[in-house]
Each structure stands twice: as C-alpha cells, then as structure tokens.
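Heads up, the thing below is written out as structure tokens.
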Amino acid sequence: MIVHQLEKEDSLLNQFIAEIRDKKVQGDSMRFRRNIERIGEILAYELSKSLKYRSKELQTPFGSKPMRIPAEELVLCSVLRAGLPLHQGLLNYFDHAENAFISAYRHHPNGGDAFEVIVKYFAAPDLNGKTLVLTDPMLATGKTLENVYTALLGHGTPAHIHIVSVIGSAPGVSHVRSVFPEDTHLWIAAIDEELTSKGYIIPGLGDAGDLAFGRKL
C-alpha cells in the first residue's frame with residue numbers, strides 16, 4: 001500500500017485538522033461538517049495528481065486549446081453516516097464520479113470491548129475496470145474498510161483502489177495494508193499511534209458521526 005500522509009507538510013489542511021480535534025470548536029456541528037468537507041476537497045486534489053489523464057482539444061470563443069483531463073472512471077463509496085461530509089468534499093471536485101453508499105456499524109455482542117462490524121444497506125454501480133475511491137473519515141481498526149471492501153467485490157473488480165480518510169491509527173493503517181491490494185493508495189490527513197480498548201483512536205477527535213450529526217441512541 002502506498003500511504004500519503006498529508007499532515008507531514010505544513011499547509012492550510014492542518015488548520016482544519018486542528019479545528020475538528022479541538023473540543024472548544026467541536027460543539028459547532030455545522031463547522032465540523034464543513035471542515036471535514038474542506039479536508040475532503042484537499043485530499044481529492046492531492047489524489048487527482050495520481051490519476052491517468054488524456055488529451056482533449058477544446059474550443060474557446062477565440063480559438064482552440066489542447067488540455068489534459070482525467071481519463072479514469074471513478075466510483076466514490078462512503079460509509080454511512082460519518083462519511084457523508086467527506087464524501088461531499090470529494091464529490092465537489094470529482095463531480096463526474098459515480099457514487100456508492102454502504103452502512104456499517106460496530107456491534108458489541110456482550111456489551112464488552114470486543115465488536116464485529118455489521119454491513120447492512122448497500123447500493124453501488126458496476127465496479128469492473130473502474131477506479132474505486134473508498135472514504136471513511138476515521139480509520140480506526142480498519143475492520144470497517146475490510147468488510148466494506150469484501151461487500152463491494154460482489155459488484156465487480158476495480159482496476160485501481162484509493163482509500164481516503166481524515167484521521168487513522170497506526171494499527172488500523174497496518175491492518176488495511178494487509179488486506180488490500182499492494183498497489184492501493186491511502187490518502188490520509190493524520191495518523192495517530194494508539195487505539196482504546198474499544199477501538200477508538202487516541203487522541204483522535206471522538207465520534208465523527210456524532211459530532212457531524214448529533215448523538216445516536
């Protein structure tokens with residue numbers, strides 16, 4: 001897996017990361033969603049540099065101009081519900097992409113720390129030969145992305161795979177590295193070193209879905 005960790009270089013991205021981590025700012029859910037969306041836009045721009053391009057002759061009101069435009073067919077797939085603002089950020093830039101959505105949640109059978117990831121709702125186009133962009137804002141254990149990827153393979157085999165996340169854990173990155181193809185690209189803003197016993201990132205930012213859309217039962 002090729003890992004692109006963007007926080008290693010100073011940029012405006014780090015301001016948005018600082019705000020979504022900051023407890024004093026997190027209370028504004030609209031601002032939280034917008035910051036995740038803006039992070040998605042930055043990650044989309046960086047990802048776009050790795051795509052294949054083709055030449056196209058364009059006609060302007062005063063002549064013609066050869067341009068290089070993306071040649072790959074993209075499918076953006078996000079994990080509900082936390083992935084929606086990140087998905088919107090990517091879609092703002094990849095506005096010609098097809099879209100897929102999947103719901104995945106953690107189920108603690110005995111109320112303890114151990115959990116399994118349950119995949120329920122799933123809607124996706126044909127993936128054969130296309131470029132799959134999997135988005136999940138918090139790459140914690142990596143189990144969600146593994147299960148989502150397994151479910152998606154029922155819709156075809158993508159030619160290329162990109163994973164887009166906001167914050168991940170070192171163990172989670174290691175896990176997805178072991179289950180995804182070697183040429184998969186991971187575009188991620190920040191990587192933290194630890195997980196809690198329940199699989200949450202430390203220091204992370206908390207529950208991205210709750211912060212974006214309110215607490216769930």
Side-chain angles (χ1 to χ4, degrees), residues 1-23 25-26 28 31-53 68 70 72 74-79 82-95 97 99 131-142 144-146 148-149 158 160-195 200-209 211-212:
M1 177 177 286
I2 303 95
V3 179
H4 309 269
Q5 185 179 347
L6 273 63
E7 72 167 354
K8 288 185 174 181
E9 295 184 7
D10 289 340
S11 76
L12 186 60
L13 171 72
N14 289 340
Q15 175 64 36
F16 303 146
I17 293 292
E19 290 187 7
I20 63 172
R21 287 190 190 268
D22 192 337
K23 290 173 63 176
V25 180
Q26 287 183 345
D28 186 341
R31 186 172 179 180
F32 183 86
R33 291 193 302 271
R34 180 61 183 124
N35 278 333
I36 295 289
E37 185 178 338
R38 291 194 286 190
I39 291 167
E41 291 172 345
I42 292 171
L43 292 169
Y45 174 74
E46 294 297 326
L47 187 160
S48 73
K49 298 176 184 179
S50 71
L51 299 177
K52 294 178 182 178
Y53 285 72
R68 299 282 293 169
E72 297 182 35
L74 267 60
V75 177
L76 308 180
C77 178
S78 292
V79 180
L84 289 174
L86 183 60
H87 187 100
Q88 186 60 54
L90 289 159
L91 191 58
N92 288 347
Y93 280 20
F94 297 128
D95 54 316
N99 295 269
T131 296
L132 174 63
V133 182
L134 278 175
T135 73
D136 192 7
M138 306 300 287
L139 199 173
T141 66
T144 297
L145 283 172
E146 178 185 6
V148 167
Y149 176 54
H160 307 284
I161 300 173
H162 297 266
I163 298 171
V164 177
S165 290
V166 177
I167 297 176
S169 75
V173 172
S174 178
H175 182 71
V176 297
R177 189 192 296 272
S178 71
V179 298
F180 278 81
E182 289 185 3
D183 60 352
T184 300
H185 286 257
L186 170 63
W187 304 88
I188 191 165
I191 299 176
D192 295 344
E193 290 301 315
E194 299 180 62
L195 289 170
Y200 289 95
I201 302 170
I202 303 174
L205 52 76
D207 188 303
L211 289 167

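Just so you know, these numbers come straight off a predicted model, no measurement behind them. One-based numbering along the sequence shown. Reckoned from all heavy atoms, side chains included, excluding hydrogens, waters and symmetry mates.
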From Phe180 CZ over to Leu132 CG, what is the distance, rounded to the nearest 0.5 angstrom? 8.0 Å
Are any side-chain N or O atoms of Ser169 and backbone N or O atoms of Glu194, one a donor and one an acceptor, separated by less than 3.5 Å? no
Interatomic distance, OG1@Thr184 vs OH@Tyr149, rounded to 0.5 Å, equals 6.5 Å
Heavy-atom distance under 4.5 Å between the side chains of Leu51 and Phe94, does that happen here? yes
To the nearest 0.5 Å, what is the distance between OG on Ser50 and NE2 on His160? 9.5 Å
Note: Ile2 and Glu182 closest approach over all heavy atoms is CD1-O, 3.8 Å
The residue among Ile201, Leu139, Ile167, Val3 that forms side chain to side chain contact (heavy atoms under 4.5 Å, CB included) with Ile191 is Val3
Do the side chains of Pro158 and Val75 get nearer than 4.5 Å, heavy atoms only? no
Determine the minimum heavy-atom distance between Leu195 and Pro171, stating which atoms define it. CD1-CB, 4.1 Å
Output the distance between atom CG (Leu86) and atom CG (Leu43), rounded to the nearest 0.5 Å. 7.0 Å
Please round to the nearest 0.5 Å and tell me the distance separating atom CD1 of Ile188 and atom CE of Met138. 9.0 Å
Could you pull out the closest heavy-atom pair between Glu7 and Leu13, with the gap in Å? N-CD2, 4.4 Å
At what distance, to the nearest 0.5 angstrom, does CG of Asn35 lie from CG of Asp22? 11.0 Å
Gln26 side chain to Leu205 main-chain N or O, any donor-acceptor pair under 3.5 Å? yes
Go through the structure and list residues passing side chain to side chain contact (heavy atoms under 4.5 Å, CB included) with Glu41, not counting sequence neighbours. Arg34, Glu37, Arg38, Asn92, Tyr93
Is the closest side-chain donor-acceptor distance between Glu46 and His4 under 3.5 Å? no
Which heavy atom of Pro203 sits nearest to which heavy atom of Arg21, and what is that distance? CG-NH1, 3.8 Å
